[in-house]
Structures are given as structure tokens and as C-alpha cells.
**Student:** 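Here's a structure for you.
Heavy atoms only: backbone and side chains are in, while hydrogens, waters and symmetry mates are out.
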Protein chains: 2
Amino acid sequence: MDNKRELFQIMTRRFGLLNKNCCTIGGCDISPIQSHILYEVDRQHKPSMQQIANTLGTDITTFSRQIQALIKMNLLNKTPDPSDRRVYTLSLTPEGKYVATTIDKQMNDYLDEAFSYMSLADQEMVLRSIHLLNEAMAKSDKCCRPIMG
Amino acid sequence: MDNKRELFQIMTRRFGLLNKNCCTIGGCDISPIQSHILYEVDRQHKPSMQQIANTLGTDITTFSRQIQALIKMNLLNKTPDPSDRRVYTLSLTPEGKYVATTIDKQMNDYLDEAFSYMSLADQEMVLRSIHLLNEAMAKSDKCCRPIMG
DNA sequence: TTCAATTAATTGTACTTTGCAAGTATTAGG
DNA sequence: CCTAATACTTGCAAAGTACAATTAATTGAA
């Protein structure tokens, strides 16, 4: 129980695999990165491209091309911000919303299944723990930041 | 507290970023995947290539090339298995061991820093929780498996 | 007001990563 | 033996990545 890194390494590997294998909806294959993008666009209110790219820690040039791909797949809208014409705000198309919702549901189903192997009390504890962990990591400035020095 | 996926999405993103930014030792840059490989080779006893590739869920062809890169960087040894000449077993060179140990230390330092924002009781709880979670995911057959249907 | 500095986003280019298909070599099983 | 299965490698093409440079718009200080 002493080596934190071991615990986290294995946990994050499992979720990486989960992300990898959870993203074929209808005809289209969604890569993990694209899934993350859809997720964040759904969560944030009319985000700009920079905003999402920073959140996800991707280079803006790579991000720009990912956005182009998602627009071509008809999952995303890019609209010029009237108050600052350098900025484009992102939003989900109805199809994009559907895909995002479906992925969300799939992920939750998978997680529910995994959680079913724990007692209710443990389930509670685990969720509370991850919540605490996320808060702690948000406070940290050396570790786990969207943008690192 | 209801949406599991949200909690996990954010947590895993942070650790993804941590992995991304934690791997420059001495002269050489280690990619997250390579760091995972070194970690697993260190952990398992004289593993074969297939073994590690399966553990990490990477295609064996991609994996083969990653191994070549790590050998070129002098971090890994690939020795033929005398009992089955199709098989190669992997082991760390002294340099590889050093790199693996250093990454481990860095990761633990980062995690310790994040944990320092929690009470000792919470730290305990979080570690216990992740442990439970890993066990639950290992039991699951739909979710989070090294190899998925 | 004006113009240099900053910011948001895109494009050119080059490099890396990835995985399928195909191939080699070895072992296992009928 | 000889077919099937396994471990690993290489060819190739597609996708992802990021640095450098560019465009366009905004900010701010002289």
C-alpha cells in the first residue's frame, strides 16, 4: 500500500484502455482524444479553441486539426465570436451531442459494472476519494496541471 | 457525486498530463508509453515481448518498434529464450534501471505533493480506495481489461 | 492616434506513432 | 510429418504531433 505510483499506474492504464475501447458510435470511430474534446465542449459554456486546448494540454496546432476533423464528421460547430473576431467558439451539433451522450453512457455502464464488485459502502468511499483527489490535484502546482512549466 | 465518468475523466486526464511531463532523465526523453514499458519490464520477471504488449494493450508490431528504440537508447536488453527460440525476454540495462527508478521517484514526488493537500486520514482513504478500485476492475470482464473483445 | 506587442487560430513541413497485412522462424499437435 | 498456431519483424499507409512561420484581430503604451 506504500507505493502510490504503482497504484496510479495500474489504475490509469485501465482507464486508458477503457477510453480506447469505448468509442464507436453508429458508423463513426471516435479516438480517445476526440472523445475528450467532445466531452469538454459539452461541459464548458461556448468555449474557445484555446480554452479547450489548454484544458486538455494539447498543442493548439494539433488541436486545430482535430477540430477540423470533428467538423468534417459533423459533430462540432465552430462559430466566430462577435465580441472578438480572433476567437471561435465551439459547440456540439445534434449528432455531436448524441455521440457525446452515448460515450458518457457507455463509460458509466462500464464503470458501474466495475463498481458492482464492491460493497455499497466501498463504492461511496471510492467516489468520495476520487473527488478529494481531484481537488487536491487542482490545488497542486507542481503536479497534474493542465499546463506545466 | 453521481456521475462517475466525470470524476474519472478528470482524474485520468491529470495523470495523463503527469505522465507526459515527467520523463526527461539525463539526456534522454522518455515517452509515456516507453515509461510504461520500462515500468512493466521492471515489475515482471523476465517477461516476453507478447506478455508486456498484452499487459499494456499495445499492438505487438508497434511494441516491437518501441522495444527497438529502447534498445537503441541502451535502456533495455532483449535476450533469446533458450527454452523457446521464438521468444525474447526483456530486461532492463543498468541505465534502464536507473531511468525507471528515477521516473518512479519523480512520479511519487509529484503524487506526494498532491496528497499533501489532504488530511492524513483522507490520504489513507484515497489509497485504500484506489486499491479497491484496481481489484474491482481486475474482476470486471467488460471493463478496463488489458485485452477487450 | 499610431504602431509595436500580444493573442487566436491556421498552414507548411517534418517527424513519430500506430496498426494492418504479409512474412520468417519456431513450436505444438494430430 | 505436415498443418496449425505462436512469437516476432518488416512494409506500408494513415493518423497524430509539434515547431516555425503566417494571418488576422486586439491591446496598450508612447
**Student:** Starting from C1' on dT11(C), measure out to CD1 on Ile60(A) and report it in whole angstrom.
**Tutor:** 13 Å
**Student:** Measure from the side chain of Gln68(A), starting at C-beta and using heavy atoms only, and say which of dT9(D), dT10(C), dC8(D) lies closest.
**Tutor:** dT10(C)
**Student:** Starting from C1' on dT17(C), measure out to CD1 on Ile67(B) and report it in whole angstrom.
**Tutor:** 15 Å
**Student:** Should we count OH of Tyr88(A) as having more than 12 external heavy atoms under 6.0 Å?
**Tutor:** no
**Student:** Select one nucleotide: of dA25(D), dA7(D), dT13(C), the one nearest the side-chain heavy atoms of Asp84(A).
**Tutor:** dA25(D)
**Student:** Would you say Thr79(B) and Thr89(B) are linked by a side-chain donor-acceptor pair, where the criterion is simply a distance under 3.5 Å?
**Tutor:** yes
**Student:** Calculate the interatomic distance between Tyr88(B) atom OH and dA25(C) atom P; express it in whole Å.
**Tutor:** 11 Å
**Student:** Picking from Leu75(A), Leu38(A), Thr101(A), what satisfies side-chain contact (heavy atoms from CB on, under 4.5 Å) with Leu92(A)?
**Tutor:** Leu38(A)
**Student:** Touch check for Phe63(B), heavy atoms < 4.0 angstrom, all strands: base, sugar-phosphate only, or nothing?
**Tutor:** nothing
**Student:** Measure CD1/Ile37(B) against C1'/dT18(C) and give the value in whole Å, please.
**Tutor:** 13 Å
**Student:** Write down the distance between CD1 (Ile33(A)) and C1' (dA18(D)), rounded to a whole number of angstrom.
**Tutor:** 14 Å
**Student:** In this structure, how many angstroms lie between the C1' atom of dA25(C) and the CG atom of Asp81(B), rounded?
**Tutor:** 15 Å
**Student:** Classify the side chain of Thr61(B) versus the base of dG19(C) as yes if they form a donor-acceptor pair under 3.5 Å and no if they do not.
**Tutor:** yes
**Student:** Using a distance-only criterion (donor-acceptor N/O pair, under 3.5 Å, no hydrogens), is the base of dT26(C) paired with the side chain of Arg85(B)?
**Tutor:** no
**Student:** Using whole Å, what does the distance between atom C1' of nucleotide dG16(D) and atom NZ of Lys72(A) come to?
**Tutor:** 15 Å
**Student:** Mapping Arg86(A) and Ala69(A) to their closest nucleotides on DNA chain D, which lands nearer the 5' end?
**Tutor:** Ala69(A)
**Student:** Both Thr58(A) and Ser64(B) contact DNA chain D. Taking the nearest nucleotide for each, which residue is further toward the 5' end?
**Tutor:** Ser64(B)
**Student:** Are any of the side-chain nitrogens in Arg85(A) or Asp81(A) under 4.0 Å away from the carboxylate oxygens of its partner?
**Tutor:** no
**Student:** In this structure, how many angstroms lie between the P atom of dG19(C) and the CG atom of Asn54(B), rounded?
**Tutor:** 13 Å
**Student:** Considering only dA8(C), dT9(D), dA18(D), which nucleotide approaches the side chain of Arg65(A) most closely?
**Tutor:** dA18(D)
**Student:** Which is more 5' along DNA chain C, the nucleotide nearest Ser31(B) or the one nearest Gln50(A)? Just name the residue.
**Tutor:** Gln50(A)
**Student:** For dA8(C), does OP1 or OP2 lie under 4.0 Å from any side-chain N or O of Lys78(A)?
**Tutor:** no
**Student:** In terms of side-chain geometry, is the basic nitrogen of Glu113(B) or Lys139(A) positioned less than 4.0 Å from the acidic oxygen of its partner?
**Tutor:** no
